[in-house]
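In what follows, a structure is listed as structure tokens, so that the remarks can point back to it.
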Amino acid sequence: MPKSTDYKKEKTNQNMSVSFSADKLKEVQQIIARYPEERQKSALLPVLHLAQQEFGGWLSTETMDYVATLLQLEPIEVYEVATFYSMYNLKPIGKHLLEVCQTGPCMLNGSEEIVAYIYEKLGIRPGQTTADGMFTLKTVECLGACGYAPMLQLGKNYREHLTRQKIDELIASCSGQSTVATT
Amino acid sequence: MGRKLLLEKANVPGICTYEVYRREGGYRSVEKALKSLSPDQVTEEVKKSGLRGRGGAGFPTGMKWGFLAKPEGVPRYLVVNADESEPGTFKDRYLMEFIPHLLIEGMITASYALGSNRSYIYIRGEYVWVAEILERAIDEARANGWLGKNILGSGFDCDIYVHRGAGAYICGEETALLESLEGKRGNPRIKPPFPAVKGLWGCPTVVNNVETIAAVVPIINDGAEEYAKIGIGKSTGTKLISACGNINKPGVYEIDMTISVEEFIYSDEYCGGIPAGKKLKACIPGGSSVPILPANLLLKTAKGETRMMTYESLADGGFVSGSMMGSGGFIVLDDSQCVVRHTYTLARFYRHESCGQCSPCREGTGWMEKILWNIETGKGKMSDIDLLWDIQRKIEGNTICPLGDAAAWPVAAAIRHFRDEFEWHVLHPQEAQQRNYGLMHYADPIHVPNPVMA
């Protein structure tokens, strides 16, 4: 069983109780069943995705410890994985995470202007969150949408062939000021 | 109009559903393989087809399958590499998104050949919706008896699972991918042992790219000889090229490997030329890791021959004057683009994606990024260009996995072919902030010396 030190407790979000619902626990069992017996460590990446989705969009130490318990792993095995992959957020993020691709092909098609325009609209630079906690901006490396550049990822979806107008619409729809469907 | 084997049906309405895919002739290769061929015969067909790995390395697929160890009582695994993250590459996504059953069909046939009863698709974490499409296709295949126990009464059991990564380019390297599939950090393993002997959970494993496995379907359906008839020399069959950058029609194109690079860029059937009246300056023909070529060397080899879209022709001249087919990520730069800035974004990419195991890569990628940034922002020195050259040479070949080489090559090629653009940045730091170097001599005809008559 992983031990929770006071230091860890301090860092976690006290308002969030870290425990999957019965439905989600069933999903965890289904994920584990994809792998041979005794290989439940393989379920770590998908279960971390699920945990991040369920517990506020990021992985607190408490969440990681909980995942360790579920999969019968040492906490360190979870931490070393969570810190390696770029999709796991180790700090709280805004309600909407804008991940703008900035690698070569997107740069050729104006990704830098997109990042600058988001700053103009929201006043946030990469790595920052708006004061109201609505938006976090992140620049990311190649997301495999090079032909549809410039692009960003918002939640599950890719938003491609971005223009200033599309950014306007996207921000408006996230802010609930518009009924424009952007999905 | 070239022949299409993979994407021929990709635009049929509803092809992503089982009913339509089956109606259009889907899953015939599984029937043929399981009912009339032995696993070894399937492998033999793939060998004869000349199919080469479509992920980047171009290794003969049949040979890779032939290396798979088959010890008694030890499970074997097929793992499909759908981690597509090489900048410029988005072909596998297209295939999985539009015609997912083609991959599932290829996987069942390949699993039969390899004796894998449990096969995995390792897909990059960001492709969330693509993973959902694949899972739906797998459920449909299972519901219709193509997966599960005793498929078609053949006694062969097989199931397929989708495993999502979580954002790491390095997991496209096959041993890092296996580590990640085991729930660990994506640190590449030292080879040997190769995955064919000790792969997933220590068992013999074949890792193949999505497009490679999809190509098994037409090979089994039409026979290896038919497949090998398409293309030139050792570049058999068709290849998916994902074209991007400064072109009129970015997208995924299936080419039979008989067309020239020039035709690919300028023909309306493919990229449709360079937009806004601009000119072709440079191109990375096979994903960000392969050498960039200036327009003149891209269209013609150093010998003055027309460069073709084949493995051999793209590599003609080695790294001195050629490049590679790589993953088929075709990145075009027009004359308004800055090669230094573009190279900088790639260096930043590799620094971000280095797993950190090997010092030359972990440290060297960061140094290259910094130096390139200095040159780009007018703070570079002439000696920096030589320093960059020195660093990339010290990375190449000195790391566990090919990410080191992949980080070194773009920098090396940029300096090799565009050294005067780097020097211009150093000599004119202010001017370089305001405008780009432009096309200059990069599209000039190459001087080909007359062959000496013996």
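Chain A is the first sequence line, chain B the second, and so forth, proteins listed ahead of strands; every chain is numbered from 1.
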Could you tell me the separation between the SG atom of A:Cys142 and the CD atom of B:Glu86, rounded to the nearest 0.5 Å? 8.5 Å
Please look at B:Glu126 and chain A and tell me whether the side chain, the backbone, both or neither of the residue comes under 4.5 angstrom of a heavy atom of that chain. both
Go through the atoms of B:Tyr77 and report whether side chain, backbone, both or neither lie under 4.5 Å from a heavy atom of chain A. side chain
So which part of B:Cys171 gets closer than 4.5 Å to some heavy atom of chain A, the side chain, the backbone, both or neither? side chain
What verdict does the side-chain contact (heavy atoms from CB on, under 4.5 Å) test give for A:Gln102 and B:Thr345, after you've listed the backbone C-alpha separation in whole Å, the side-chain angles of each residue and the deciding distance to 0.1 Å? CA-CA 8 Å; A:Gln102 59 172 356; B:Thr345 72; over 6 Å; no
Rounded to the nearest 0.5 Å, how far does CG of B:Asn187 lie from CD of A:Glu80? 8.5 Å
So, for A:Cys146 and B:Gly88, which heavy atoms are closest and what is the spacing to 0.1 Å? SG-N, 3.0 Å
Given heavy-atom pairs under 4.5 angstrom as the criterion, report whether the side chain, backbone, both or neither of B:His342 touches chain A. both
Could you state the interatomic distance from OH (B:Tyr161) to CD (A:Gln30), rounded to the nearest 0.5 Å? 11.5 Å
Can A:Lys41 and B:Glu179 be said to form a salt bridge (Lys or Arg N to Asp or Glu O under 4.0 Å), step by step? CA-CA 11 Å; A:Lys41 182 168 179 173; B:Glu179 286 286 300; over 6 Å; no
Side-chain heavy atoms of A:Tyr158 within contact of B:Arg93, under 4.5 Å: yes
Flag the pair A:Tyr35 / B:Tyr120 as yes when their ring centroid distance falls below 6.0 Å, and as no otherwise. yes
Work out which heavy atom in B:Leu181 is nearest to a heavy atom in A:Ser42; give both atom names and the distance. O-OG, 2.6 Å
With only heavy atoms counted, which part of B:Arg164 is less than 4.5 Å from chain A, the side chain, the backbone, both or neither? both
Using 0.5 Å steps for rounding, measure from the CZ atom of B:Phe90 to the CG atom of A:Leu143. 13.0 Å
Once rounded to the nearest 0.5 Å, what's the spacing between atom CG of A:Leu108 and atom CG of B:Asp334? 8.0 Å
When the 4.5 angstrom heavy-atom criterion is applied to B:Thr89 and chain A, the contacting part is backbone
Please determine if B:Arg185 and A:Glu77 form a salt bridge, counting it only when a charged side-chain N lies under 4.0 Å from a carboxylate O. no
Between B:Glu132 and A:Lys156, is there a salt bridge with N-O shorter than 4.0 Å? yes
Need one label for B:Tyr169: side chain, backbone, both or neither, based on atoms under 4.5 Å from any heavy atom in chain A. neither
Charged N to carboxylate O below 4.0 Å: is that the case for B:Arg348 and A:Glu141? yes
Under 4.5 Å from any heavy atom of chain A - which part of B:Ser336: neither
Taking the side chain as everything from C-beta on, heavy atoms only, tell me whether A:Phe84 gets closer than 4.5 Å to B:Ile170. yes
